[in-house]
Asker: 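Attaching a single structure in structure tokens format; questions to follow.
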Amino acid sequence: MIPKPTLSDIVNLHYYRWVTSPNESVRYQSLKVFYSKLRSLTRGILYNKYRKKLRIFEDIFSDMIYKVCYSKQNNLIGTTDSFCSWYRKALTNYMTNLNRDRNRMKRVMIEYESNSLHTIDEMEEIASYEYYLREERLTEVNDIINIIMKNQKDRQLLHERYILGIPEIELAQKYGTTENGIKSRLKRAKKQMQVTYETIGKTEFL
């Protein structure tokens, strides 16, 4: 008797078809099934291991889908027939970092509250407002990069580092160079942008 395919088997199958099929229609249909089944798989993993995090499931899944697409585009997954093995590790790493960052923020807020007039609830509102300002800042910087940078490669590099927040070591792997090489390229590109930006009467940025 042939065993019934597991959810992981289905995800693996449709990821493989999405990545490898020469037929555009097959790729499109496989991508739709892949997305739906990966969503179910992610929810199941979170329910079993991180039940309290289900309330932010949409945020987590959005981040993971972005990671999948970015990693696929830059050949960082390394396999087409066992996608779920890579995905489970990637999700575990993501949740570890998420918990570490949130616990660190809690400790900071508790310490801050003991030395200030703000409650933790007030600190959360302040943090949300600061996040909003940071996002507004990123939008502004992204617009500046697109307007000023004429060199497409430099523009893409600045966007990936400062807007998407991709670490320099990952960019070095993507562009086939060293981390110091990426830092040098970023430094030159920022200097070029700074000179151009100052000619129109603006102040320092990035």
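Predicted model, so just to flag it, every value in this text is computed and none were measured.
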Asker: With sequence neighbours excluded, what pairs up with K174 under the salt bridge (charged side-chain N to carboxylate O under 4.0 Å, His left out) test?
Answerer: E160
Asker: Between L31 and W86, is there a shared hydrophobic cluster once you connect ILVMFWY residues whose side-chain heavy atoms come closer than 4.5 Å?
Answerer: yes
Asker: Less than 4.5 Å apart, any side-chain heavy atom of E168 and any of K183?
Answerer: yes
Asker: Answer yes or no: is there a side-chain heavy-atom contact under 4.5 Å between R51 and L46?
Answerer: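 With C-beta onward as the side chain, the pair stays apart.
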Asker: A cation-pi test, strictly: NZ or CZ of R43 under 6.0 Å from the centre of the six-membered ring of F61 and no more than 45 degrees from its axis. Yes or no?
Answerer: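 Relative to the ring axis of F61, which defines the angle, R43 lies outside at least one limit.
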Asker: I need the N97 CG to D63 CG distance, nearest 0.5 Å.
Answerer: 11.5 Å
Asker: Within a radius of less than 6.0 Å around OH of Y47, do more than 12 heavy atoms belonging to other residues, nucleotides or ligands occur?
Answerer: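 No.
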Asker: Do L38 and I65 have side chains that approach each other closer than 4.5 Å (heavy atoms only, starting at C-beta)?
Answerer: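 Yes, at least one pair of side-chain atoms sits under 4.5 Å.
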Asker: Can you check whether I60 reaches L91 side chain to side chain, under 4.5 Å on heavy atoms?
Answerer: yes
Asker: Apply side chain to side chain contact (heavy atoms under 4.5 Å, CB included) to the pair I56 and L98, showing each step before the final yes or no.
Answerer: CA-CA 11 Å; I56 56 170; L98 179 64; 4.0 Å; yes
Asker: Under a 3.5 Å distance rule, please check whether N74 uses its side chain to pair with a backbone N or O of L76 as donor and acceptor.
Answerer: no
Asker: Verify whether one side chain among Y87 and S8 offers a donor that lies under 3.5 Å from an acceptor in the other.
Answerer: no
Asker: Are T177 and I182 packed together at the side-chain level, in the sense that at least one heavy-atom pair is separated by less than 4.5 angstrom?
Answerer: yes
Asker: Using a 6.0 Å cut-off, check whether atom OH of Y16 has over 12 heavy atoms from anything other than its own residue.
Answerer: no
Asker: Could you go step by step and tell me if R39 and E58 meet the salt bridge (Lys or Arg N to Asp or Glu O under 4.0 Å) rule?
Answerer: CA-CA 9 Å; R39 184 184 182 87; E58 295 298 338; 2.4 Å; yes
Asker: Indicate yes or no: at least one non-hydrogen side-chain atom of I10 is less than 4.5 angstrom from one of T6.
Answerer: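 No - every pair of side-chain heavy atoms lies 4.5 Å or more apart.
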Asker: Kindly say whether R27 contributes a backbone atom to a donor-acceptor pair with the side chain of R17 at under 3.5 angstrom?
Answerer: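 Checked: no pair found.
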Asker: Can you tell me how far the NE2 atom of H14 sits from the CG atom of D9, to the nearest 0.5 Å?
Answerer: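 H14 NE2 to D9 CG: 11.0 Å, rounded to 0.5 Å.
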Asker: Heavy-atom count check: over 12 atoms from other residues, nucleotides or ligands less than 6.0 Å from I169 CD1?
Answerer: no
Asker: In Å, rounded to the nearest 0.5 Å, how long is the span from NZ of K187 to CG of N180?
Answerer: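 These two atoms lie 11.5 Å from each other.
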Asker: Between I77 and K72, which heavy-atom pair has the shortest distance, and what is it?
Answerer: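 Here I77 and K72 meet closest at CD1-N, 3.9 Å.
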Asker: Give a yes or no on whether Y28 atom OH has more than 12 heavy-atom contacts from other residues, nucleotides or ligands under 6.0 Å away.
Answerer: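 Counting other residues, nucleotides and ligands, OH of Y28 stays at 12 neighbours or fewer.
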Asker: Identify the two heavy atoms, one from L41 and one from C84, that lie closest to each other, and give their separation to 0.1 Å.
Answerer: CD2-SG, 3.8 Å
Asker: Quick check: do Y94 and K67 have side-chain heavy atoms less than 4.5 Å from each other?
Answerer: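 No, too far: nothing below the 4.5 Å cut-off.
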Asker: When you compare the side chain of W18 with that of K32, does any pair of heavy atoms fall below 4.5 Å?
Answerer: no
Asker: Is there a path from Y15 to V33 through hydrophobic residues (I, L, V, M, F, W, Y) whose side chains come within less than 4.5 Å of each other?
Answerer: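 Unlinked, Y15 and V33 end up in two clusters.
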Asker: Out of curiosity, R88 CZ to S82 OG, how far, rounded to the nearest 0.5 Å?
Answerer: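 Those atoms lie 12.0 Å apart.
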Asker: Below 6.0 angstrom between ring centroids: does that apply to F83 and F34?
Answerer: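 Aromatic pair counts; centres sit under 6.0 Å.
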